[in-house]
**Student:** 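Here it is, the structure, as structure tokens.
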Amino acid sequence: MTDLPPLPVRTSPSVRYGTIVHTRLWHEQVHQDLTGPQFTVLGLLRTHGPMDQGTPGTLAGLDKSTAAPMLERLKHRGLVAITKDDKDRRRKLVTITDAGRELATTLAPAVVGISEEMPAHFNPVERDQFLSLMRRAIEAAKR
């Protein structure tokens with residue numbers, strides 16, 4: 001048997017456990033039927049207005065094979081509308097509906113709450129350092 005370092009030192013289990021904790025908090029405090037990426041897309045549309053079909057997924061960090069079906073699910077739930085662009089009929093526009101806007105507005109405080117809860121035990125310097133290191137690790141992994 002090999003000697004393994006303690007669990008928190010190993011990156012993969014720590015990241016996976018962080019994701020599990022975040023998902024649990026999301027389901028308990030935010031919404032059981034709306035995912036984080038779906039909320040992000042609704043928030044982008046609420047803030048920036050209508051977008052071509054590819055833009056919300058790109059801004060949310062989703063690949064096309066994930067974004068397109070997700071937009072269709074949001075459409076079927078009445079949270080977004082997908083229409084042809086009057087100026088370019090080949091282009092589809094995604095617009096948040098009143099129901100989508102209301103849901104995003106209602107859930108926003110809880111989303112902020114869990115975002116603050118995860119690093120709550122850090123002092124401000126540690127929190128900034130943690131978030132900075134996470135961003136660096138994510139950017140390095142994208143390359």
Side-chain angles (χ1 to χ4, degrees), residues 4-143:
L4 297 175
L7 186 60
V9 175
R10 296 174 50 225
T11 304
S12 293
S14 296
V15 170
R16 187 171 45 254
Y17 188 68
T19 301
I20 291 167
V21 169
H22 185 271
T23 300
R24 179 183 53 80
L25 291 171
W26 183 275
H27 283 277
E28 289 173 356
Q29 299 177 27
V30 180
H31 202 277
Q32 294 181 357
D33 296 321
L34 189 77
T35 66
Q38 289 172 334
F39 174 82
T40 299
V41 167
L42 290 178
L44 288 165
L45 292 166
R46 180 176 159 251
T47 301
H48 301 289
M51 299 178 185
D52 68 87
Q53 189 169 2
T55 301
T58 299
L59 293 176
L62 305 170
D63 58 53
K64 289 179 184 179
S65 66
T66 301
M70 180 182 57
L71 289 171
E72 284 297 321
R73 286 190 297 277
L74 291 172
K75 176 185 169 187
H76 289 295
R77 293 179 60 190
L79 302 175
V80 302
I82 302 173
T83 58
K84 297 262 185 194
D85 186 344
D86 290 336
K87 296 174 186 161
D88 182 350
R89 301 298 292 167
R90 297 169 296 176
R91 186 175 152 194
K92 292 182 181 178
L93 289 179
V94 181
T95 307
I96 193 168
T97 63
D98 289 342
R101 184 174 288 101
E102 183 179 332
L103 183 61
T105 300
T106 300
L107 296 180
V111 172
V112 170
I114 65 166
S115 294
E116 291 174 353
E117 185 174 340
M118 294 255 331
H121 299 288
F122 297 152
N123 67 44
V125 172
E126 291 170 332
R127 179 186 172 140
D128 290 346
Q129 183 180 24
F130 171 75
L131 294 173
S132 176
L133 292 170
M134 286 296 294
R135 282 193 226 45
R136 277 180 45 199
I138 291 165
E139 286 304 314
K142 287 181 181 179
R143 296 182 195 148

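The first residue of the sequence shown is numbered 1, and numbering continues consecutively from there.
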**Student:** Provide the full list of side-chain hydrogen bond (donor to acceptor under 3.5 Å, both in side chains) pairs with a residue in residues 102-111, sequence neighbours left out, each pair given once.
**Tutor:** Arg46-Thr105
**Student:** So which heavy atom on Trp26 is nearest to which on Leu34, and how close?
**Tutor:** NE1-O, 2.6 Å
**Student:** Between Ala104 and Leu42, what is the shortest heavy-atom contact and its length?
**Tutor:** CB-CB, 4.1 Å
**Student:** Under 3.5 Å, sequence neighbours excluded: what are the donor-acceptor pairs made by side chains of residues 56-74?
**Tutor:**
{"residue": "Thr58", "atom": "OG1", "partner": "Gly54", "partner atom": "O", "Å": "3.1"}
{"residue": "Asp63", "atom": "OD1", "partner": "Ser65", "partner atom": "N", "Å": "3.2"}
{"residue": "Asp63", "atom": "OD1", "partner": "Ser65", "partner atom": "OG", "Å": "2.7"}
{"residue": "Asp63", "atom": "OD1", "partner": "Thr66", "partner atom": "N", "Å": "2.9"}
{"residue": "Asp63", "atom": "OD1", "partner": "Thr66", "partner atom": "OG1", "Å": "2.9"}

**Student:** According to side chain to side chain contact (heavy atoms under 4.5 Å, CB included), who are the partners of Asp128, at least two apart in sequence or on a separate chain?
**Tutor:** none
**Student:** Please evaluate residues Arg24 and Glu28 with respect to the criterion salt bridge (charged side-chain N to carboxylate O under 4.0 Å, His left out), reporting the C-alpha separation (whole Å), side-chain torsions for both, the decisive distance (0.1 Å), and the verdict.
**Tutor:** CA-CA 6 Å; Arg24 179 183 53 80; Glu28 289 173 356; 3.1 Å; yes
**Student:** Are there over 12 heavy-atom neighbours, none belonging to Tyr17, within less than 6.0 Å of that residue's OH?
**Tutor:** no
**Student:** What residues, two or more places apart in sequence or in another chain, satisfy side-chain hydrogen bond (donor to acceptor under 3.5 Å, both in side chains) together with Glu117?
**Tutor:** Gln29
**Student:** Under a 4.5 Å cut-off applied to non-hydrogen side-chain atoms, are Phe39 and Leu107 in contact?
**Tutor:** yes
**Student:** Side-chain contact test, heavy atoms from C-beta onward, threshold under 4.5 Å: evaluate it for His22 versus Thr19 and give yes or no.
**Tutor:** no
**Student:** With sequence neighbours excluded, tell me which residues meet side-chain hydrogen bond (donor to acceptor under 3.5 Å, both in side chains) with Thr35.
**Tutor:** Gln38
**Student:** Which pair of heavy atoms, one from Ser115 and one from Pro119, lies closest together, and at what distance?
**Tutor:** O-CD, 3.2 Å
**Student:** Would you tabulate the side-chain donor-acceptor contacts of residues 75-87 under 3.5 Å, counting partners in other chains and residues two or more places apart, or write 'none'?
**Tutor:**
{"residue": "Arg77", "atom": "NH1", "partner": "Asp33", "partner atom": "O", "Å": "2.7"}
{"residue": "Asp85", "atom": "OD1", "partner": "Lys87", "partner atom": "N", "Å": "2.9"}
{"residue": "Asp85", "atom": "OD2", "partner": "Arg91", "partner atom": "NH1", "Å": "3.4"}

**Student:** Are more than 12 heavy atoms, taken from residues, nucleotides or ligands other than Met134, located less than 6.0 Å from that residue's CE atom?
**Tutor:** no
**Student:** Ignoring hydrogens and geometry, is there a side-chain-to-backbone donor-acceptor pair from Arg136 to Ser132 under 3.5 Å?
**Tutor:** no
**Student:** Indicate the atoms forming the closest heavy-atom contact of Asn123 with Val125, along with that distance.
**Tutor:** OD1-N, 2.9 Å
